[in-house]
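Working notes, structure below.
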Amino acid sequence: MAVLPIVEVPDPRLRLVSKPVAAITDETRSLVADMIDTMYDAHGIGLAAIQVGIDQRILVIDLQEDEDEEGKPIRKPHAYINPEILSLSDELSTYNEGCLSIPEQYAEVKRPARCRVKWQDETGAAHEQDLDGLLATCMQHEIDHLNGVLFIDHISRLKREMLMKKLNKARRAD
Ligand code: NI
């Protein structure tokens, strides 16, 4: 297991459409383990393979919403391989989204509040589930990555330009 470097904007790899995983192998499982390590190391709740430079349709998500007695988040990572959105609710919800590829920048994004999704896990087993709340938002954000879409594509051009200016300023200050 290893923490991998995270690809950040404006790296053109973030605009690639990732390829379906044809066969789920030990190599896939090893990548999933590295992606989980990378997500926790960066204090993220979701990560797409392209964010570590690999254009395969693989996501890992762990909202880490529950805490143990010491107040530490309980880790329950999940891998979603070849995830597909089957349906989206008409009802929308707004969440202040961030992205490990656009560090320390946040913006309110409106998306369908619920979605039905199918995917394979790291054993190859197929799953289908209705998602709501933060998981529905996070899943849509991560599936966007597999299609070369970033959360800043969902906000106005003015807000996007302001956000990128802030990011570049923060980078210069580092
Ligand atoms: Ni992201």
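Any value given below was found using the heavy atoms of this structure, including those in side chains, with hydrogens, waters and symmetry copies removed.
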Q: Would you mind listing the cluster partners of Y40? Hydrophobic ones only (ILVMFWY), side-chain contacts under 4.5 Å, chaining allowed.
A: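 So far as hydrophobic clustering goes, Y40 is joined with L4, I6, V21, I24, L31, V32, M35, I36, M39, L47, V52, I54, I58, V60, I81, L100.
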
Point-to-point distance, once rounded to the nearest 0.5 Å, from [atom1] of [X] to [atom2] of [Y]:
X    : Y    : atom1 : atom2 : answer
D11  : Q51  : CG    : CD    : 11.0 Å
R29  : D34  : CZ    : CG    : 14.0 Å
K118 : E84  : NZ    : CD    : 4.5 Å
S89  : D130 : OG    : CG    : 10.0 Å
C115 : M139 : SG    : CE    : 7.0 Å
E142 : T137 : CD    : OG1   : 11.0 Å

Q. Do the non-hydrogen side-chain atoms of I143 and I85 ever get within less than 4.5 Å of each other?
A.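 SC-SC contact between I143 and I85 confirmed.
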
Does [X] belong to the same Ile/Leu/Val/Met/Phe/Trp/Tyr cluster as [Y], with side-chain heavy atoms less than 4.5 Å apart forming each link?
X    : Y    : value
Y95  : L88  : yes
L163 : V109 : yes
L135 : L59  : yes
V149 : I50  : no
L146 : V7   : no

Q. Do H127 and Q120 meet the criterion of a side-chain donor-acceptor pair at a distance under 3.5 Å?
A.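 No, no side-chain donor-acceptor contact under 3.5 Å.
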
**Q.** Modelled atom types, side-chain donor and acceptor of E8 and S101, under 3.5 Å
**A.**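 Short answer, no.
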
Which atom of [X] lies closest to which atom of [Y], heavy atoms considered:
X   : Y   : result
Q56 : A49 : O-CB, 3.5 Å
P20 : N82 : CA-OD1, 3.4 Å
Q64 : G44 : NE2-O, 3.2 Å

Short question: side chain of [X], backbone of [Y] - any donor-acceptor pair under 3.5 Å?
X    : Y    : value
Q140 : P112 : yes
D66  : I74  : no
D41  : V3   : no
R116 : S87  : no

(Q) Can you confirm whether E104 is buried at CD, in the sense that more than 12 heavy atoms of other residues, nucleotides or ligands lie under 6.0 Å from that atom? (A)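 12 or below, so no.
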
Q: Answer yes or no: are there more than 12 heavy-atom neighbours, outside N96 itself, under 6.0 Å from its atom CG?
A: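 Yes.
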
Does this structure show an ion pair linking [X] with [Y], if we count only N-O contacts that are shorter than 4.0 Å?
X    : Y    : result
R160 : D153 : no
E67  : K72  : no
R157 : E161 : yes
R111 : E97  : yes

Q) Quick one: ring-ring contact (aromatic ring centres under 6.0 Å, His included) pairs with a partner in residues 57-82, sequence neighbours left out? A)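 Passing the test, one end in residues 57-82: Y80-W119.
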
Q: Under the side chain to side chain donor-acceptor pair (under 3.5 Å) rule, what do R57 and N147 come out as? Steps first, then yes or no, please.
A: CA-CA 9 Å; R57 302 188 80 84; N147 297 320; 2.8 Å; yes

**Q.** Qualifying residues under salt bridge (charged side-chain N to carboxylate O under 4.0 Å, His left out), relative to D55, sequence neighbours excluded
**A.**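 Testing D55 for salt bridge (charged side-chain N to carboxylate O under 4.0 Å, His left out), a comparison that skips the adjacent residues, returns K19.
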
